[in-house]
Asks: 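The structure's right below; bear with me while I get my questions together.
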Amino acid sequence: MPDHHARHHLDTLKRAALAAFIEAANAIPVAGPLLAGAGAFVQALVQAKRDFPHPVQEAFQAMTQDFQAFLEAEARQQGAKPLDLAVQEALVLLDRHTLSPQELVEAGLDPTEATRRTLAAGQELLRPLERAVEDLVGRLVTEYYRVLLSHQGALEHVGVEALASLLAKSSRLEELLAWLGEKERRNALAQARWPVRPYRERELHPYMLRPEYRLAPYMGQAHGQALAELVAWAQGLGEEGAPPVGLRLYVGPGGAGKSRLALEAGERLREDGWWTTFLGDGAVTEEAARFFLAH
């Protein structure tokens with residue numbers, strides 16, 4: 001196969017792998033705004049696949065099944081919300097920084113090395129993320145390259161034109177990827193932080209009692225009652241006539257325990273797969289609100 005045909009073939013296969021990635025995520029499903037945009041794409045893809053040559057159908061289905069098995073395992077371990085956010089970030093990262101055919105060869109056709117180079121190129125996208133989500137993005141990108149490279153040979157005999165039909169009849173892929181990369185979403189995410197972190201100092205300092213370190217046990221009947229009530233209220237949103245979005249206001253002097261209550265409730269909800277966050281100064285804007293309400 002001439003070099004330019006090989007490059008075209010691999011470029012097209014990379015887009016096919018992204019399409020399979022999205023279809024697999026839709027089948028889990030992970031929660032959140034990704035699927036709101038992916039639903040129409042997947043529906044169009046399902047209809048288009050009927051016209052694909054049989055070898056393309058088989059290879060595409062195999063890629064989708066590989067991704068789905070991986071995402072199901074991650075969903076069981078990480079929960080739906082972190083996985084949803086990581087899938088979105090991985091798709092934007094791959095859309096913008098996936099390696100070219102020449103770069104893949106220079107990386108030794110090795111998924112781990114290809115991931116390292118992709119993550120290095122996309123640091124500006126990863127910087128706002130919590131470490132756990134960033135690590136999950138890395139695993140998703142590695143799986144993308146693993147599936148891409150493991151099925152490359154299976155599609156060699158199909159030809160560029162037949163493989164390109166997969167994407168030509170699935171034009172919503174570009175629309176979906178563009179939606180995921182919207183600036184307002186990125187700006188909103190940059191203001192979202194979860195402050196809980198371990199205390200790593202070897203010496204005692206006054207700030208070691210700050211709520212984000214959670215060094216003092218959260219105990220006492222009043223504290224336990226307030227925590228249980230807040231968690232129950234949040235879990236009840238959207239249930240049987242309850243509004244899907246709610247607001248609670250806690251007022252008290254500094255040191256009364258407002259931040260610690262919010263952190264403890266957030267940790268409980270995160271254990272159940274919620275995405276909980278603190279918003280920075282200036283984060284409550286009309287654009288950010290649209291993203292967070294959708295999320």
Asks: Which atom names give the shortest non-hydrogen contact between Val141 and Thr115, and what distance separates them?
Replies: C-OG1, 3.7 Å

Asks: Answer with yes or no whether the side chains of Thr118 and Tyr145 bring together a donor and an acceptor at under 3.5 Å.
Replies: yes

Asks: Compare every heavy atom of Thr64 with every heavy atom of Ala24, then report the nearest pair and how far apart it is.
Replies: CB-O, 3.6 Å

Asks: Can you tell whether the side chains of Arg268 and Glu271 come within less than 4.0 Å, N to carboxylate O?
Replies: no

Asks: Can you tell me how far apart CG (Leu148) and CG (Leu94) are? Round to the nearest 0.5 Å.
Replies: 9.5 Å

Asks: With clusters defined by side-chain heavy atoms of hydrophobic residues (ILVMFWY) lying less than 4.5 Å apart, directly or transitively, does Leu269 cluster with Trp233?
Replies: yes

Asks: Val137 and Leu125: side-chain contact (heavy atoms from CB on, under 4.5 Å), yes or no, with the steps?
Replies: CA-CA 11 Å; Val137 169; Leu125 302 178; over 6 Å; no

Asks: Would you kindly confirm whether Val196 and Leu209 end up in one hydrophobic cluster when ILVMFWY residues are joined by side chain heavy atoms under 4.5 Å apart?
Replies: no

Asks: If you look at every heavy atom in Leu119 and Leu93, which pair is closest and at what distance?
Replies: CD2-CD2, 3.5 Å

Asks: Quick one: closest heavy-atom pair of Leu99 and Ala107, and the distance?
Replies: CD1-CB, 4.3 Å

Asks: Hey, is Asp135 close enough to Arg131 for a salt bridge, meaning N to O under 4.0 Å?
Replies: yes

Asks: Is it the case that over 12 heavy atoms from other parts of the model lie below 6.0 angstrom from the CD atom of Gln123?
Replies: yes

Asks: Would Leu227 end up clustered with Met219 when hydrophobic side chains under 4.5 Å apart are linked, directly or stepwise?
Replies: no

Asks: What residues join Val251 in its hydrophobic cluster, counting side-chain heavy atom gaps under 4.5 Å, either direct or through other members?
Replies: Leu249

Asks: Mind checking the CG-CZ spacing from Asp110 to Arg146? Nearest 0.5 Å is all I need.
Replies: 12.5 Å

Asks: Would you name the heavy atoms of His205 and Tyr199 that are closest together and state the gap between them?
Replies: CD2-OH, 3.3 Å

Asks: In terms of side-chain heavy atoms, does Tyr250 have a donor or acceptor partner in Arg248 at a distance below 3.5 Å?
Replies: yes

Asks: How long is the span from the CG atom in Leu83 to the CD atom in Gln77, to the nearest 0.5 Å?
Replies: 10.5 Å

Asks: Run the numbers on Arg214 and Glu267 for salt bridge (Lys or Arg N to Asp or Glu O under 4.0 Å), then give the verdict.
Replies: CA-CA 11 Å; Arg214 302 173 73 215; Glu267 286 291 300; 3.6 Å; yes

Asks: List the atom of Leu215, the atom of Met208, and the distance in Å for their closest heavy-atom pair.
Replies: CD1-O, 3.3 Å

Asks: Is the shortest heavy-atom distance from the side chain of Pro211 to the side chain of Leu263 under 4.5 Å?
Replies: yes

Asks: Using only heavy-atom distances, determine whether the side chains of Glu72 and Gln68 contain a donor-acceptor pair under 3.5 Å.
Replies: yes

Asks: Would Glu113 and Arg117 pass as an ion pair if we require N to O under 4.0 Å?
Replies: yes

Asks: Are any non-hydrogen side-chain atoms of Glu143 and Phe21 less than 4.5 angstrom apart?
Replies: no

Asks: Would you kindly confirm whether Leu261 and Tyr213 end up in one hydrophobic cluster when ILVMFWY residues are joined by side chain heavy atoms under 4.5 Å apart?
Replies: no

Asks: Roughly how far, to the nearest 0.5 Å, is the CG atom of Asp272 from the CD atom of Gln235?
Replies: 5.5 Å

